[in-house]
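This report concerns only the one structure given below.
We name chains A, B, ... by the order of the sequence lines, and we start the count at 1 in each one.
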Amino acid sequence: MDVAPRTRFAPSPTGFLHVGGVRTALYNWLVARQSQGEFILRIEDTDAARNREEWVEGIFDSMRWIGLDWDELYRQSERRELYLRAAVKLEEGGKAYWCDCAREDIDARAAARKGPPGYDGFCRERSLGNGDGRALRFRTSDEGATIVPDVIRGAPSFDNVTLDDPVIVRSSGDPMFVLANVVDDLDMKITHVIRGEEHLPTTPKYLLLWDALGGGEHPTFAHVPVLVNEKRQKLSKRRDPVALEQYRDEGYLPEVMLNYLGLLGWSSPDGEEKFTIDEMLANFRLEDVGNSPAFFDVTKLRAFNGDAIRALSTDDFITRVAPWLQAPFTPWTPEAFDGEVFARLAPLVQERVFRLSEVPEMVDFVFLDDPPVDEASWAKAMKPHAAALLDAVIVSYETCPWESEDLKDRLIEAGEALDLKLKFAQAPVRVAVTGRSVGPPLFESLEVMGRERVLARLRDARGRL
RNA sequence: GGUCCCAUCGUCUAGAGGCCUAGGACACCACCCUCUCAAGGUGGCGACACGGGUUCGAAUCCCGUUGGGACUGCCA
């Protein structure tokens, strides 16, 4: 019974892709790709109230960016009839019933009997027909237990009495998540349900529904631990930076995102933490996925990203940083940018950034006519000796050969005349030219900028002292 | 409240009864290198939640406690 796996990633359109979702997508993708199976992308947009076409497009873009390709694509909004037919079948088979209880009624009854909150099966035997304001509920069993065999959690068992009858069709006539989910998994012949741990408590309902629909053999489940924040709460849209798109815009490399996400809950057998998607493909095993929540630590992601950027060839780096060298990421005008100048600075910058979005601010002084001056840097660098030093450097730079080595030697000379070590002598020049106390190596930057512009800035700074 | 899940350095993890005076990575600290900042090099700090069992022997197995989390929607 070794059938090729069919796995699925089922995001709902919310305007962005949740990094936790991307990780489960990755695991699903790996399982499918490892064994000539199929990876299915299913847009769970049954909630018409929040469903925008551009959000769906965004999911496609992000999936392509991260490199997870899919074999089949479905949108639940286009499959409504299928779910409704299943609902009718359940109702006709006596496995679902109509209910007109309002939330307040349900809560009031729960409070009155001092029992746990939740639906009490009030309408089970009322034999209500379909009608205005009525929702269809699935009748769960009151006897026995449902166990969920799970690749990474063992076999948690749930007593069926604790299961509320879930609404499967809203009073609006729209199908609900559980129904659509089970019907689709059945219809699409999904073999592995790999999803977030938050779905584990509702899996018994899934299984009961599966059986009621005559589904036969159950899929293999793997409920992967949630991703948490520093307070160990599930990563949420409201309080945590969870959007994959945000990381993309900040200049994290897609292969690093995948690597880091893969590392959260799984480790390579050889203990190597840096791995490619192909290496993951070769070594990944679902049963090796950990079972405790992992903190999404951007600090480590950042470190890995910096390493990956430095490992790029200069040409690759230039190619990949290109999008950040234009609007809206740059303070300079398009005409002011010079690709050849940037190419000379690129290796210097490449070694100093952790995210591609940090590049513009590191080279902006080269492409801006009048770069902003950081006041704190100015105050720190422009000590009493600065005037004399700048005077000397200006004179020296007016005639010296315009090569970084010469520029360095001349500054050393000027500094020594004032009894300043290079460490201190370079500061006024750096701030005068770049506006800041930190940046790429100074003399290479000066060389690239050219004598006239450098001299102009030095004189300008001297004048402000 | 109920149901379920989880528990090794600050963080991600290695660890499937002796290989563990618990290994690696990120972070942090110190030193070296150095034109700033990074990078790099060297070294350091740092954990088996607690209590009972089982066993010759437990981070590893069992039970309990404590702690954390998820779910408990006519959201997905």
Side-chain angles (χ1 to χ4, degrees), chain A residues 10-14 21 44-47 49-50 76 99 101-103 106 110 114-119 133-137 148 150 153-154 156-159 161-164 166-174 176-178 180-181 196-204 223 225-226 228 230-234 260 263-269 271-274 290-304 306-307 310 348-354 362 377 381 404 407-408 411-412 415 421-427 429-431 434 436-444:
Chain A
S12 53
T14 54
E44 305 227 325
D45 52 358
T46 53
D47 188 357
R50 36 177 175 151
Q76 290 192 326
C99 167
C101 295
R103 187 73 232 173
I106 295 169
K114 295 186 168 32
Y119 187 65
R134 290 177 186 171
L136 189 67
R137 284 186 188 271
V148 181
D150 188 293
R153 278 178 212 281
S157 171
F158 301 76
D159 287 335
V161 241
T162 65
L163 270 26
D164 291 342
V167 167
I168 54 176
V169 179
R170 297 176 238 218
S171 56
S172 66
D174 293 325
M176 286 280 289
F177 166 72
V178 258
N181 210 241
E197 184 186 18
E198 68 271 23
H199 292 285
L200 185 55
T202 57
T203 306
H223 286 95
V226 292
V228 299
E230 62 286 348
K231 291 161 73 182
R232 309 222 66 91
Q233 295 163 315
K234 185 170 79 158
Y260 181 67
L263 215 44
L264 258 25
W266 181 78
S267 62
S268 178
E272 183 50 63
E273 291 196 319
K274 305 271 179 67
N291 50 10
S292 56
F295 171 42
F296 184 89
D297 187 2
V298 73
T299 308
K300 185 159 181 170
L301 206 212
R302 192 183 118 94
F304 273 34
D307 288 345
R310 269 175 261 117
L348 273 21
V349 171
Q350 180 178 2
E351 208 167 286
R352 291 171 168 73
V353 295
F354 291 86
M362 194 161 279
S377 297
S404 63
L407 295 167
K408 180 180 180 181
L411 182 52
I412 289 173
K421 285 196 188 312
L422 182 54
K423 179 175 167 58
F424 297 102
Q426 60 91 34
V429 176
R430 179 183 291 280
V431 175
T434 73
R436 298 190 203 92
S437 56
V438 301
L442 182 59
F443 307 105
E444 284 83 348

What's the separation between atom [atom1] in [X] and atom [atom2] in [Y], rounded to the nearest 0.5 Å?
| X | Y | atom1 | atom2 | result |
| --- | --- | --- | --- | --- |
| A/L442 | A/T434 | CG | OG1 | 7.5 Å |
| A/D297 | A/E230 | CG | CD | 9.5 Å |
| A/F295 | A/K231 | CZ | NZ | 12.0 Å |
| A/E197 | A/N291 | CD | CG | 8.5 Å |
| A/E273 | A/L263 | CD | CG | 5.0 Å |

In terms of side-chain heavy atoms of [X], which of [options] is nearest?
| X | options | answer |
| --- | --- | --- |
| A/R352 | B/C6, B/C74, B/U36 | B/U36 |
| A/M176 | B/G73, B/C35, B/C6 | B/G73 |
| A/D164 | B/C5, B/A38, B/U72 | B/U72 |
| A/P117 | B/G1, B/A27, B/A76 | B/G1 |
| A/S292 | B/C35, B/C6, B/A70 | B/C6 |

Quick one: closest heavy-atom pair of A/S12 and A/E44, and the distance? CB-O, 3.2 Å
Quick one: does [X] reach the base of [N] with a side-chain donor-acceptor pair under 3.5 Å?
| X | N | answer |
| --- | --- | --- |
| A/S171 | B/C74 | yes |
| A/K300 | B/A25 | yes |
| A/R153 | B/C5 | no |
| A/E272 | B/G24 | no |

With heavy atoms under 4.0 Å as the rule, sort [X] into base, sugar-phosphate or nothing.
| X | result |
| --- | --- |
| A/T434 | nothing |
| A/E444 | base |
| A/Y260 | nothing |

If we take the [atom1] atom in both [N] and [M], what is their distance in whole Å?
| N | M | atom1 | answer |
| --- | --- | --- | --- |
| B/C33 | B/G18 | C1' | 45 Å |
| B/U60 | B/G64 | P | 16 Å |
| B/U42 | B/C9 | P | 27 Å |
| B/C12 | B/A27 | P | 15 Å |
| B/C45 | B/G23 | P | 11 Å |
| B/C19 | B/C26 | P | 27 Å |
| B/U54 | B/A47 | C1' | 25 Å |
| B/A25 | B/U72 | C1' | 38 Å |

Would you kindly give the CZ-to-C1' distance between A/F177 and B/C71, to the nearest whole Å? 12 Å
Atom CG of A/D307 to atom P of B/A39: distance rounded to whole Å?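 The distance from CG of A/D307 to P of B/A39 comes to 9 Å, rounded to the nearest Å.
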May I ask which nucleotide in the shown strands pairs with [N], Watson-Crick or G-U wobble, both distances under 3.5 Å?
| N | result |
| --- | --- |
| B/G73 | none |
| B/A30 | B/U42 |
| B/C37 | none |
| B/G18 | B/C56 |
| B/U65 | B/A49 |
| B/U11 | B/A25 |

Start at the 5' end of RNA chain B and walk down; is the nucleotide closest to A/Q233 or to A/V169 reached first? A/Q233
A/P116 vs A/A294, nearer the 5' end of RNA chain B by closest nucleotide: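 The 5'-side residue here is A/P116.
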Taking only side-chain nitrogens and oxygens of [X], does any of them come within less than 4.0 Å of OP1 or OP2 of [N]?
| X | N | result |
| --- | --- | --- |
| A/S267 | B/A14 | yes |
| A/R103 | B/C75 | no |
| A/T46 | B/A76 | yes |
| A/R170 | B/C75 | yes |
| A/K408 | B/C35 | yes |
| A/R302 | B/C26 | no |

Just wondering, do A/R170 and A/T46 contact through their side chains at under 4.5 Å, heavy atoms? yes
